[in-house]
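These notes are about the structure you will find just below.
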Amino acid sequence: MSTLFQDLRYALRALRHNPGFALVAILSLALGIGANAAIFSLAYFFLLRPLPVPNASGVMVVQSQFRGESLVGLTAYSPVSYPDFDDLRRRSHSFAGLTASQYFEFGFAPDKAELPRMRFGALVSGNFFDVLGVHPELGRGFRADEDKVRGRDAVVVLGHELWTTEFASDPVVIGKTIFLNGLPFAVIGVTPESFHGPNAYLRADLYVPLAMEPTLQPRQPGESQEDELDVRGLRVMMVHGRLRPGVRVGQAAAEARVISQQLAQAYPKTNSTCSLEVATYARAQIQSLPMLNMLVLVMSALAAVVLLIACANVMNLMLSRASARSREIAVRLAIGAGRGRLVRQLLTESLVIAISGGALGLLVAQAGADLFSQFRIPIDIPLVVDVKLDPGVLLFALLISMLSVVLFGLAPALQSTNPDLIRALKSGGAASGRRRRLLGRNALVIAQVAGSLLLLVFATQAYRGARRTLFSAVGFRTTHILTASFNPTLARDSRKQAQEFYRKLLDQARTLTGVKSAALAQALPMIPGSPGVRIVPEGVQLPVGTEAVSVLANIVTDG
């Protein structure tokens with residue numbers, strides 16, 4: 001231990017005598033480490049961040065996977081139907097509890113006299129909060145019996161954000177009556193601030209028992225009168241389960257596959273190609289966001305190039321400094337110092353530089369995380385983009401700081417401690433193997449220039465591609481366009497009333513001064529919201545083993 005402190009003191013003294021070298025090296029590493037930590041913070045938030053619930057590692061996600069299906073812009077995994085969830089809940093022995101939830105648009109009004117406003121919430125099974133281990137900040141969660149009888153228990157748990165913005169964090173809100181889709185609901189609880197819902201980056205403003213779905217969204221004349229909760233082919237439920245103590249993910253997954261085979265035999269029309277898959281929350285996020293995976297992978301590769309350039313720059317500086325220190329190293333070797341001891345001391349200097357660069361790089365990473373958190377996507381769904389330096393990000397920054405020591409410090413340390421002693425002592429500081437060292441340093445410079453050119457070309461092409469995609473080649477004009485979202489059913493309008501509303505809206509919008517044209521669409525171009533459909537193209541021979549094609553669809557009016 002005393003030797004380690006001695007090496008540390010020597011390293012600090014050596015760097016203090018060379019402040020220019022130390023500053024340039026630390027700043028170079030700070031940029032490389034900070035860029036990697038910033039990208040990792042983005043990946044961690046979207047793909048690796050656990051649900052903010054107790055013992056999050058024990059919470060699994062159950063998904064449907066279709067065999068023999070070609071994918072066009074869609075993931076192979078989809079939610080679960082409520083009948084499948086109910087069968088899984090009754091037959092499974094691997095889970096201490098299984099819960100289902102579905103994001104839902106509500107027409108929210110704190111008072112009956114007010115015009116309803118669209119709020120994004122969740123319909124959840126009665127054991128939702130119990131399974132996830134979430135304890136409301138105020139009041140209580142749902143009881144199991146409040147999800148048994150359809151339309152009976154009109155109770156609601158408010159999200160912390162809605163409680164803060166609409167009710168000024170008033171604790172007297174418990175017991176108050178609010179109106180959802182024109183129906184009165186009694187407030188029974190408020191969730192903690194840290195909990196956003198069944199998905200870490202989608203905020204649910206309120207929670208309602210699943211049994212209230214038929215009442216909130218009654219069937220219209222001419223539509224099927226079957227409740228959506230009874231339709232086995234309608235897969236819209238997110239299913240989370242908490243494993244029993246001692247049960248592993250593989251055991252739960254095997255049991256789920258057996259149950260899905262039983263369901264396929266019992267319900268071949270809807271389940272013949274469907275399998276139930278169990279995965280950790282992180283793995284489910286990675287599987288469900290393939291495009292984001294590719295984006296993060298590309299950005300991580302570019303950040304790694306930045307780190308390699310920084311390490312090459314610091315290595316070149318250290319090789320140059322080693323030439324000046326060759327006489328010092330030779331003298332120490334001549335009087336009996338061991339090579340291993342000198343290598344360790346030089347690596348200690350590299351470690352001090354790496355730790356200092358990593359600490360400064362956290363400021364760069366924080367700036368990057370703040371930049372990512374400012375991104376806003378123009379959709380009604382409340383995305384919670386709160387990228388920050390979690391403990392996992394800090395650990396990652398520490399690991400790449402240690403890795404950088406090996407990348408830029410080991411080779412100079414080994415080379416510096418292997419001089420030609422006679423030539424080094426006679427030369428008065430001139431390094432031995434001068435030609436070899438110059439070749440190595442030149443190679444590092446070439447590598448830095450090549451890496452920088454790669455980054456410059458990629459950044460230029462990415463900018464040109466984004467500019468072409470967003471502003472010139474999207475197939476439609478992107479300027480002088482106004483958009484607005486409506487959902488008359490949230491005010492309990494009938495299907496006929498909604499159709500009349502949209503007809504009048506379109507007719508009157510087209511007659512407004514300054515309006516050249518107007519149209520309606522289920523989803524806006526270039527913005528998430530298009531529903532996925534499974535189709536079988538007529539007259540097309542699909543590949544062997546493929547039974548359908550998944551595509552994104554849209555519903556639009558003429559014009």
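Note that these values count all heavy atoms, side chains included, but never hydrogens, waters or copies made by symmetry.
For the pair L88/F85, no side-chain contact is recorded, criterion being any heavy-atom separation below 4.5 Å from C-beta on. R235 is listed as a side-chain neighbour of F66, based on a closest heavy-atom distance under 4.5 Å.
Across V247, V239, V278, a single residue satisfies side-chain contact (heavy atoms from CB on, under 4.5 Å) together with F95, and that is V278. Partner Y207 forms a side-chain contact (heavy atoms from CB on, under 4.5 Å) with one of V134, L158, T191, V156 and no other, that one being T191. Each of D145, D147, T215 was evaluated against R152; a single residue qualifies, D145, per the side-chain contact (heavy atoms from CB on, under 4.5 Å) test.
Using a distance-only test at 3.5 Å, with no hydrogens or angles considered, a donor-acceptor pair links the side chain of E255 to the main chain of H93. With hydrogens and angles ignored, the 3.5 Å screen pairs a side-chain donor or acceptor of T557 with a backbone N or O of L520. Side-chain atoms of D153 never come within 3.5 Å of backbone atoms of V155 as a donor-acceptor pair (strictly under, hydrogens ignored). Looking only at distances, a side-chain donor or acceptor of S81 sits under 3.5 Å from a matching main-chain atom of R232. Between the R242 side chain and the N55 main chain, a donor and an acceptor come within less than 3.5 Å of each other.
A donor-acceptor pair shorter than 3.5 Å cannot be found between the side chains of Q251 and S94.
Atom CZ of R90 has more than 12 heavy atoms from other residues, nucleotides or ligands within 6.0 Å. At most 12 heavy atoms of other shown residues, nucleotides or ligands fall within 6.0 angstrom of atom CZ in R283. No more than 12 heavy atoms of other residues, nucleotides or ligands lie within 6.0 Å of CD in E193, so this atom counts as exposed by the packing criterion.
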What pairs of donor and acceptor atoms, side-chain ones from residues 388-403 against any protein atom, are under 3.5 angstrom apart with sequence neighbours left out?
| residue | atom | partner | partner atom | Å |
| --- | --- | --- | --- | --- |
| S401 | OG | A397 | O | 2.8 |

With a cut-off of 3.5 Å and sequence neighbours excluded, list every side-chain donor-acceptor pair involving residues 115-132.
| residue | atom | partner | partner atom | Å |
| --- | --- | --- | --- | --- |
| R117 | NH1 | E114 | OE1 | 3.4 |
| R117 | NH2 | E166 | OE1 | 2.8 |
| R117 | NH2 | E166 | OE2 | 2.9 |
| R119 | NH1 | D205 | OD2 | 3.4 |
| R119 | NH2 | E166 | OE2 | 2.8 |
| S125 | OG | T99 | OG1 | 2.7 |
| S125 | OG | A100 | N | 3.0 |
| S125 | OG | A100 | O | 3.4 |
| S125 | OG | N127 | OD1 | 2.8 |
| N127 | OD1 | T99 | OG1 | 3.4 |
| N127 | ND2 | L98 | O | 2.8 |

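Atom CG of residue N271 and atom CG of residue D84 lie 4.5 Å apart, to the nearest 0.5 angstrom.
The shortest non-hydrogen separation linking R49 to Y281 is O-CE2, 3.4 Å.
Salt bridge absent: K504 and D507 never bring a charged side-chain N and a carboxylate O closer than 4.0 Å.
Scanning for ring-ring contact (aromatic ring centres under 6.0 Å, His included) contacts around H160 gives W163, with sequence neighbours left out.
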